[in-house]
Each structure stands twice: as C-alpha cells, then as structure tokens.
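All remarks here apply to the structure that follows.
In the text below, chain A, chain B and the rest are named by the order of the sequence lines, each starting its count at 1.
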Amino acid sequence: MSFAEKLMNWYRDKGRDLPWRTTHDAYIIWLSEIILQQTRVEQGTPYFHRFVDAFPIVTKFAEADEEDILRLWQGLGYYSRARNMHKAAKMVVEEFQGVFPNAYEEAIRLPGVGEYTAAAIASFSVNEPRAVVDGNVYRVLARYFGIKEPINSTEGKKTFAEVAQEMLDKDSPGIYNQAIMDFGALQCKPKNPLCEDCIFRVECFAFRNGLVDVLPVKLKGKVSRNRYFHYFIVKENDRILMSKRGERDVWTNLYEFPMIETAEDMLMPDLMTYTDFVQYFEESTVLEAVGRQVKHILSHQNIYARFYIVEDSRSLKKKKKDWNYHYCEKIDKLAKHKLIFSFLEKNVHLISAKQP
DNA sequence: AACCCGGGGAG
DNA sequence: CTCCCAGGGTT
C-alpha cells in the first residue's frame with residue numbers, strides 16, 4: 001500500500017470531525033484557513049463560528065466595517081490577517097464578481113492568501129491537486145524521509161514543497177491534504193509522538209534511526225527583547241482617554257490607554273522626571289498605581305506593563321493627536337465603540353472597579 | 001534573506 | 001523557561 005493510501009485509511013478511521021470539513025464553499029474554507037494560520041484548532045474554532053454567523057457570504061464580509069471585523073477578531077492575534085481578509089473580500093466583489101475564487105492561481109492573488117492557503121482552498125473546494133505544506137506536513141515528511149534541511153531555510157522550504165507535491169494523492173488531493181495534517185496533529189506530534197502505535201513504524205526514517213526528536217530541524221530565531229510600557233488611565237467623568245497605536249509596531253491601529261514606553265524598567269518617582277512624562281503631565285499630577293506589573297509575552301518580545309490611574313484629568317498638560325476620549329459607562333460599551341487592546345480586556349477589573 | 005506580526009497551550 | 005500552532009507580508 002502506498003504512503004498516501006495508508007495515510008488516507010488512517011484518516012478515515014482516526015481523523016477529526018471539524019466544522020469546516022463539511023463544506024466545499026471556497027469562501028467558508030478561506031474563512032477557516034485564515035483563522036487557523038499559526039493558530040490551534042481549539043483556539044480558532046469559536047472564532048470560525050462567530051465569523052460564519054456574522055458574514056455568511058463574502059459580500060456581507062466585504063460590506064462590513066473594518067472595525068466590526070477587528071472587534072470579532074479581537075484576541076486572536078496577528079491582526080493583519082483580519083485587515084487582509086477585508087481587503088480580500090472587497091477584491092472578490094470587485095474583481096471576481098462576488099464569486100470566491102477556488103482555483104489556486106486566482107486565490108493566491110488575494111491578500112493574506114499564500115501558498116499554503118491557496119492550496120487548501122483549491123484542494124478542499126474543487127480537488128485541485130495542490131499539496132498543502134504547513135507545520136504538520138514539514139514534520140511528517142522530515143521524519144518519514146529523514147530530511148535534515150531546516151524547514152525555515154529557503155532551500156528547505158523548496159525541498160519540502162517538492163516532496164509534498166510528489167507524495168500528494170492526485171485522485172483525492174482534498175482528503176489527502178486533510179489526512180496528512182491530521183496525522184501530524186494527532187499522531188506525529190512535535191513532542192511525544194505516538195510512534196509505538198504508528199502505521200509507518202517500519203518505514204519511518206526517523207523512527208528507525210532514533211531521530212524522532214531531532215527532526216524536523218529548524219533554525220533558531222532571534223532572542224526576544226524586553227519593552228516597558230507605562231499606561232495612564234485618565235478619567236474624566238464617565239469617559240476614559242484612549243490612544244490609537246501607530247504603524248510598524250505591534251497592535252497596529254488598535255486602541256490602548258495613553259502610554260509611555262521606556263527602554264528599562266522604571267518606577268514612578270523616576271518616571272515623573274522622564275521627558276515624555278513631563279511633556280504630557282503637570283508636575284503635581286497625582287497617580288495611583290493599580291495592580292502589579294503585567295507581563296505580556298509575544299513571540300518576539302516581552303512586554304512589561306504598569307498601570308496608573310490619573311485622578312484629575314486637568315493634570316493633563318496636553319494630548320497627543322491620537323489621544324481621544326471615549327465614553328466608558330460600561331466596558332461593554334467601550335468595546336462596542338472602539339477596539340479594546342488585550343491588556344484592557346485582561347485588566348477590566350482595574351477600571352470597572354473604579355467606575356462611578 | 002531577514003525581519004515583523006499574537007496569543008495560547010504543552011511539556 | 002522553550003517550542004509550536006491549518007503562515008503571510010514587507011523590507
């Protein structure tokens with residue numbers, strides 16, 4: 001029996017029953033695939049249902065306000081995915097007459113759709129023979145064939161793409177692609193793979209040569225840097241001052257409390273002498289520290305945040321252009337009004353406890 | 001080719 | 001802690 005046949009037999013028996021597997025609608029498949037980019041199935045599934053309910057067809061998605069889309073996306077991370085989805089939906093309306101493209105070469109033109117996602121859309125919707133190459137596929141193929149090239153090197157990516165395309169079952173590319181990804185997720189796991197009970201025990205190179213926990217090889221990335229954020233909760237009656245983040249940094253265009261960033265950790269007596277602080281607040285500004293320092297870990301940076309309540313908004317000397325007051329009778333209201341920065345969500349008690 | 005973009009969970 | 005996740009875009 002061939003690799004593909006064994007894989008698909010395994011899948012028929014042990015594959016997952018996932019909500020987006022019952023459709024051949026390229027739009028629904030696209031929705032699920034963008035959500036699942038670098039995102040675990042368990043984390044993405046509730047978002048998938050929310051988006052299908054809110055935007056059952058692509059024209060609804062295209063008509064939506066970007067802020068509504070981002071609010072639905074809130075908490076998922078990699079927010080450019082949501083922005084690109086909106087652009088893509090509008091492109092489908094304008095350039096594809098509202099019919100979501102199911103061919104690889106057309107789908108890949110959409111922003112946010114790369115090689116993986118285009119292959120997924122084309123194979124799942126109309127069985128176009130395009131192999132998907134995601135983290136699961138890298139792992140399964142690296143172990144099965146003993147490929148030692150780094151999966152994140154340019155050469156490695158090319159090699160794996162070629163091998164994946166060779167192994168693809170050209171008669172059932174959709175099922176095969178689902179099968180190899182499920183196999184990677186459930187059986188050939190990154191840590192503690194279930195080798196003792198594996199259909200490829202006999203032929204798997206890594207298993208035969210004791211390289212299961214060496215493969216796949218991945219080049220090390222940069223060490224993450226530390227950043228120190230100091231947030232100011234400036235209240236004026238029932239309103240709270242919010243600030244819009246800029247481009248070229250994390251959380252592009254999302255909202256947060258007004259903030260000062262320092263290169264090193266800094267406590268309040270010192271922070272009051274800091275140039276940025278002096279620029280915006282009176283010397284007499286009364287500040288009440290709230291909670292403890294919060295550590296927020298991103299894949300490439302560690303953010304340490306402290307929060308201060310500014311009791312008297314008159315102590316605000318001047319505002320940056322992108323600092324705006326927003327009504328905040330309730331947190332829900334604020335969320336409805338503007339996007340909420342994840343810190344705010346996680347520290348709702350910091351504000352709601354102080355609400356009038 | 002290098003860098004940037006999030007949040008969550010497993011071990 | 002470290003690593004990984006149904007990756008993609010920009011420089």
Side-chain angles (χ1 to χ4, degrees), chain A residues 15-16 18-21 29-48 70 73-85 87-88 107-124 130-140 142 150-158 160-161 164 174 176-186 188-193 213-214 216-225 227 245-254 295-303 339 341-343 345-346:
Chain A
R16 289 176 290 190
L18 299 174
W20 44 88
R21 284 185 172 161
I29 293 165
W30 166 76
L31 264 184
S32 70
E33 292 302 337
I34 302 293
I35 288 171
L36 292 169
Q37 285 170 5
Q38 296 294 288
T39 303
R40 293 170 188 282
V41 167
E42 310 84 72
Q43 189 189 358
T45 301
Y47 286 84
F48 171 74
L70 282 164
W73 195 268
Q74 196 171 295
L76 243 199
Y78 284 144
Y79 297 89
S80 63
R81 288 184 290 174
R83 292 177 225 287
N84 283 333
M85 282 179 100
K87 288 182 199 164
I108 203 166
R109 290 174 45 204
L110 301 171
V113 176
E115 292 177 9
Y116 163 78
T117 306
I121 292 171
S123 65
F124 299 160
R130 301 274 187 172
V132 294
V133 187
D134 74 334
N136 294 307
V137 176
Y138 280 124
R139 189 167 54 253
V140 172
I151 61 173
N152 55 345
S153 69
T154 305
E155 279 305 298
K157 287 177 189 169
K158 202 178 154 197
F160 281 95
Y176 172 90
N177 279 338
Q178 304 271 21
I180 193 169
M181 289 195 287
D182 255 16
F183 186 79
L186 302 176
C188 196
K189 300 183 293 179
K191 299 284 168 63
N192 304 324
D213 30 77
V214 175
V217 175
K218 191 174 181 179
L219 267 26
K220 297 280 184 193
K222 263 194 357 176
V223 288
S224 49
R225 65 178 167 132
R227 304 175 72 177
R245 291 187 66 84
E247 314 270 350
R248 299 166 190 280
D249 199 356
V250 292
W251 304 307
T252 300
N253 291 346
L254 298 191
K295 184 179 184 182
H296 190 85
I297 304 168
L298 307 183
S299 53
H300 47 288
Q301 48 189 283
N302 304 316
I303 293 171
L339 288 169
F341 176 49
S342 57
F343 276 137
E345 265 197 318
K346 288 176 183 170

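Checking dG8(C), dG8(B), dC5(B) against the side-chain heavy atoms of Q43(A) singles out dG8(B) as nearest. Closest to the side chain of K191(A), out of dG7(B), dC5(B), dG11(B), is dG11(B). For T154(A), counting side-chain heavy atoms from C-beta on, the closest listed nucleotide (dC5(C), dA6(C), dA1(B)) is dA1(B). Considering only side-chain atoms of Q301(A), the nucleotide from dC5(B), dA6(C), dC5(C) that sits closest is dC5(B).
Take Y78(A) and apply the ring pair (Phe, Tyr, Trp, His ring centres under 6.0 Å) test, not counting sequence neighbours, and it matches no residue. Judged as a side chain to side chain contact (heavy atoms under 4.5 Å, CB included), and not counting sequence neighbours, the contacts of P193(A) are R143(A), C195(A), V212(A). Take P19(A) and apply the side chain to side chain contact (heavy atoms under 4.5 Å, CB included) test, not counting sequence neighbours, and it matches T45(A), F48(A), H49(A).
Looking only at atom types and distance, the side chain of R81(A) has a donor-acceptor partner in the side chain of T39(A) under 3.5 Å away.
OP1 or OP2 of dC1(C) lies within a sub-4.0 Å distance of a side-chain N or O belonging to K295(A). Of the side-chain N and O atoms in Y79(A), one or more sit less than 4.0 angstrom from OP1 or OP2 of dG7(B). The side chain of W251(A) contributes an N or O atom lying less than 4.0 Å from OP1 or OP2 of dG7(B). Within the 4.0 Å cut-off from OP1 or OP2 of dC3(B), not a single side-chain nitrogen or oxygen of H300(A) is found. Look at T117(A) and you'll find a side-chain N or O under 4.0 angstrom from OP1 or OP2 of dG8(C).
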Can you give me the N/O atom pairs linking the protein to nucleotides 9-11 of chain C at distances under 3.5 Å, or say none if there are none?
from   : atom 1 : to      : atom 2 : distance (Å)
dG9(C) : OP1    : G112(A) : N      : 2.5

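Counting atom types as modelled, R40(A) pairs a side-chain N or O with a base atom of dC4(C) as donor and acceptor under 3.5 Å.
The salt bridge (charged side-chain N to carboxylate O under 4.0 Å, His left out) analysis of residues 108-122 of chain A, with sequence neighbours excluded, yields the pairs E95(A)-R109(A). For the salt bridge (charged side-chain N to carboxylate O under 4.0 Å, His left out) condition, no pair includes a residue of residues 30-40 of chain A, sequence neighbours left out.
The interatomic distance linking Y78(A) (OH) with dC4(C) (P) rounds to 13 Å, in whole Å. Counting to the nearest Å, the P atom of dT2(C) and the CG atom of L298(A) are 15 Å from each other. Following rounding to the nearest Å, R21(A) (CZ) and dA6(C) (C1') show an atom-to-atom distance of 9 Å. Nucleotide dG8(B) holds its P atom 12 Å from the CZ atom of R81(A), rounded to whole Å.
On the P atoms, dG11(B) is 14 Å away from dA6(C), given to the nearest whole Å. Comparing the C1' positions of dG6(B) and dC3(C) gives an interatomic distance of 15 Å, to the nearest angstrom.
A salt bridge links D249(A) with R227(A); the closest basic N to acidic carboxylate O contact falls under 4.0 Å.
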